[in-house]
Q: 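Structure in structure tokens, see below.
Owing to the predicted nature of the structure, the values given are computational and were not obtained by experimental measurement. Each chain gets a letter, A, B and so on, in the order its sequence line appears, and its residues count up from 1.
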Protein chains: 2
Amino acid sequence: MRPLEYSDGVLKLLDQTKLPLEQVTVECRTYEEVAASIRDMIVRGAPAIGVTAAYGIAIGALAISTNSKEEFTNQLEEICNTIRNTRPTAVNLFWAIERVYKSALDNMDKPIAEIKEKVLEEAIRMDNEDVENNWAIGQNGSKLIKDNFTILTHCNAGALATCDYGTALGVIRAAHEAGKNIDVYADETRPYLQGARLTAWELMQEGIPVTLICDNMAGHFMKSGKINCVIVGADRIALNGDTANKIGTYSVAVLAHENKIPFYVAAPLSTIDFSIESGESIPIEERKALEVTQIMGVQIAPHGVKVANPSFDVTPNRYITAIITEKGIVYPPFAENIKKLKL
Amino acid sequence: MRPLEYSDGVLKLLDQTKLPLEQVTVECRTYEEVAASIRDMIVRGAPAIGVTAAYGIAIGALAISTNSKEEFTNQLEEICNTIRNTRPTAVNLFWAIERVYKSALDNMDKPIAEIKEKVLEEAIRMDNEDVENNWAIGQNGSKLIKDNFTILTHCNAGALATCDYGTALGVIRAAHEAGKNIDVYADETRPYLQGARLTAWELMQEGIPVTLICDNMAGHFMKSGKINCVIVGADRIALNGDTANKIGTYSVAVLAHENKIPFYVAAPLSTIDFSIESGESIPIEERKALEVTQIMGVQIAPHGVKVANPSFDVTPNRYITAIITEKGIVYPPFAENIKKLKL
């Protein structure tokens with residue numbers, strides 16, 4: 001299940017605003033269309049955003065028409081800036097832009113046509129790596145999942161949030177593929193309903209048992225002893241392990257902690273921001289009120305009501321049992337052990 | 001703002017399934033219609049359910065056509081049973097039925113026409129008492145609210161959940177009327193959206209500042225230092241203070257506790273179940289999947305997805321700072337201090 005597919009200058013995105021009731025593909029032929037797709041959440045999920053950005057830059061680079069390397073570099077920077085300004089929280093976006101831009105800089109001695117090729121190659125490489133990384137995350141994390149476990153997840157950190165296989169859902173997939181009898185509780189994840197629309201659908205497609213609940217029910221089921229562990233994805237992880245993820249993750253983590261349930265974060269190294277010490281430096285995107293006051297275009301609140309709509313929150317490291325990466329499982333002390341991953 | 005109004009054999013209910021976009025009044029002329037209105041949540045909120053049930057029995061009693069007191073009693077019991085079987089969690093329902101039924105039994109020596117009158121009088125008395133109690137709860141609770149407080153509330157424990165003024169929102173109203181500068185954060189309260197549809201609307205009508213948030217954002221705002229205290233209503237309080245309330249209340253309480261924010265329950269004595277020692281004995285209503293998978297008739301999840309939809313949860317007493325009643329504020333140890341209220 002791939003939410004993005006590049007071929008011949010066109011990036012095809014599965015429109016995640018329409019799932020699960022409609023399966024519509026959006027075709028991006030310009031970098032501006034790619035940027036808009038990220039901003040409007042046609043594609044979402046930190047790893048998927050990263051690779052989409054990389055393809056966006058490649059599409060933009062391929063369309064640059066100049067013989068001057070200076071002009072080419074200027075235009076490439078312009079493209080990178082446009083894509084950089086789409087969403088502020090997921091660090092994979094900035095990581096991907098930097099990596100693709102560097103692949104151009106590293107090849108500046110070559111002809112422009114070749115530089116363009118290198119940029120596209122880098123995007124394709126990142127796409128492939130993401131799938132490999134997710135598979136490795138799944139294998140590593142699957143060890144933590146025992147037979148007959150019921151796993152709670154929040155938002156969608158599935159194939160739909162990556163290039164394939166998923167991070168949190170990658171672990172769940174791997175456990176399922178290993179023949180373990182597992183059950184998943186999916187938080188619906190307001191306001192955007194990634195849990196109800198995407199996670200429930202993705203797991204049903206795979207034949208993995210899933211029960212949909214409202215976000216405010218998770219605590220009740222943890223207290224009732226229904227949940228054996230929690231696995232979520234991440235949008236940005238600080239050096240000390242503090243983790244920004246979809247709004248509501250912090251609450252789930254506190255409730256898991258209170259009920260002595262392991263709380264795991266599954267994410268590739270590209271989600272770690274090695275430049276920040278703690279989660280306090282992570283910018284939290286505030287999205288528009290309409291996402292809260294309307295659901296699928298239907299008004300559910302009084303007109304004109306004041307709304308707050310932070311799209312992410314930060315879970316302090318003390319609530320996190322372990323971080324599952326493609327390089328292995330990282331346990332506390334995170335401040336010490338995350339640094340080792342960079343070596 | 002009254003959600004129910006009895007006059008001349010007709011109980012008029014403000015249809016709370018339609019608010020805030022439509023203000024529709026439903027007229028109940030039979031006890032069966034009253035029972036259906038409770039079951040379908042046209043009226044909701046523990047105190048409002050109690051008084052609605054009382055009026056339902058009165059309407060049913062007035063329509064009994066017999067000269068035999070035995071037959072009258074049998075039919076009255078039948079009416080009580082029908083109304084008893086509408087919803088299981090809010091204890092005010094059973095308290096109200098018992099009280100109205102007793103008013104009939106206590107007057108069995110009188111002519112049937114007079115018994116009917118006594119039943120109706122009791123219902124009207126309970127209606128008036130509820131408003132007085134809420135006002136007293138407001139006055140008592142207002143002392144806990146300081147100037148410039150931001151108060152988080154979950155679900156709707158407002159005028160709409162009672163006969164007027166509200167319990168949790170009664171405290172907020174009283175603080176506002178006392179001239180305190182307050183701000184309210186209202187959890188939208190999935191699946192039924194009482195916060196988005198009812199609390200936000202009710203507070204906007206009163207000119208009390210309100211910010212609507214999704215349930216999963218409450219923890220984030222508590223951690224960010226935005227919230228000074230939490231006030232919620234209750235559907236049933238056990239002798240030890242354990243409190244059943246709208247699903248999600250437990251999570252809010254744990255998050256308040258973790259962030260050292262006072263967590264108050266505002267409820268009349270009629271919400272205390274003096275017959276149960278702890279919250280473990282409180283039955284939790286499971287409602288239909290459709291409330292989760294559809295919002296205002298719009299499908300938001302894959303067709304056929306498995307759903308859990310518990311309508312309430314139980315907050316253990318250790319997370320509750322105080323219970324605000326019409327007789328005063330009750331502090332821990334609740335097991336000791338709640339018993340004193342009955343004297």
Q: Is the shortest heavy-atom distance from the side chain of A/C214 to the side chain of B/V292 under 4.5 Å?
A: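 With C-beta onward as the side chain, the pair touches.
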Q: Non-hydrogen atoms of chain B under 4.5 Å away: do they reach the side chain of A/F221, the backbone, both or neither?
A: side chain
Q: Taking all heavy atoms of A/H220 and all of B/I247, pick out the closest pair and write down the distance.
A: CB-CD1, 3.8 Å
Q: Please report the interatomic distance CD(A/E188) to CZ(B/R190), rounded to the nearest 0.5 Å.
A: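 Going from the CD atom of A/E188 to the CZ atom of B/R190 covers 4.0 Å.
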Q: Would you mind checking which part of A/V298 comes under 4.5 Å of any heavy atom in chain B, side chain (CB onward), backbone (N, CA, C, O), both or neither?
A: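 When you check distances to chain B, only side chain atoms of A/V298 fall under 4.5 Å.
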Q: Can you see which heavy atom on A/K306 is nearest to which on B/V210, and at what distance?
A: CB-O, 3.4 Å
Q: Count the heavy-atom pairs under 4.5 Å between each of A/G297, A/S224, A/G248 and chain B, then report the option with the highest count.
A: A/G248
Q: What pair of heavy atoms forms the shortest contact from A/M217 to B/P310, and how long is it?
A: SD-CD, 3.7 Å
Q: Test your reading of the model: is there a side-chain donor-acceptor pair from B/K223 to the backbone of A/P316, 3.5 Å cut-off?
A: no
Q: Quick check: closest heavy atoms across B/R197 and A/I300, and the distance to 0.1 Å?
A: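 B/R197 and A/I300 have their closest heavy atoms at CG-O, 3.2 Å.
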Q: Go through the atoms of A/P209 and report whether side chain, backbone, both or neither lie under 4.5 Å from a heavy atom of chain B.
A: neither
Q: Take atom NZ of A/K180 as the centre, draw a 6.0 Å sphere, and report whether it contains more than 12 heavy atoms from other residues, nucleotides or ligands.
A: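 Counting neighbours around NZ of A/K180, more than 12 heavy atoms of other residues, nucleotides or ligands fall under 6.0 Å, so yes.
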Q: For the CD1 atom of B/I295 and the CD1 atom of A/I295, what is their distance to the nearest 0.5 Å?
A: 3.0 Å
Q: Identify the residues of residues 252-266 of chain A whose heavy atoms come closer than 4.5 Å to a heavy atom of chain B, ordered by number, or report 'none'.
A: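 Within residues 252-266 of chain A, near chain B: A/V254, A/L255, A/E258, A/N259.
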Q: Does atom CD (B/E280) have a neighbourhood of more than 12 heavy atoms from anything else shown, all under 6.0 Å?
A: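 Not more than 12 within 6.0 Å, no.
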Q: Hey, is CD on A/E286 packed in by over 12 heavy atoms from elsewhere, all under 6.0 Å?
A: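 Atom CD in A/E286 is packed in, count exceeds 12.
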Q: If you take all heavy atoms of A/G219 and B/Y250, which pair is closest and at what distance?
A: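 Nearest pair, atom of A/G219 first, then B/Y250: O-CE2, 3.2 Å.
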Q: For chain A, which of B/L193, B/N216, B/L21 has the most heavy-atom pairs under 4.5 Å?
A: B/N216
Q: Which atoms of A/P20 come close to chain B, meaning under 4.5 Å heavy atom to heavy atom: side chain ones, backbone ones, both, or neither?
A: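 When you check distances to chain B, only side chain atoms of A/P20 fall under 4.5 Å.
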Q: When heavy-atom pairs shorter than 4.5 Å are enumerated against chain A, which of B/T211, B/T293, B/L203, B/D313 gives the highest number?
A: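 Highest number of pairs under 4.5 Å: B/T211.
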Q: Most heavy-atom pairs under 4.5 angstrom with chain B, which of A/N309, A/L212, A/L19?
A: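 If we count pairs closer than 4.5 Å to chain B, A/L212 comes out on top.
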Q: So for A/M204, is it side chain, backbone, both, or neither that comes closer than 4.5 Å to the heavy atoms of chain B?
A: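 Side chain only.
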Q: By a 4.5 Å heavy-atom criterion (distance strictly below it), what part of A/H154 contacts chain B: side chain, backbone, both, or neither?
A: side chain
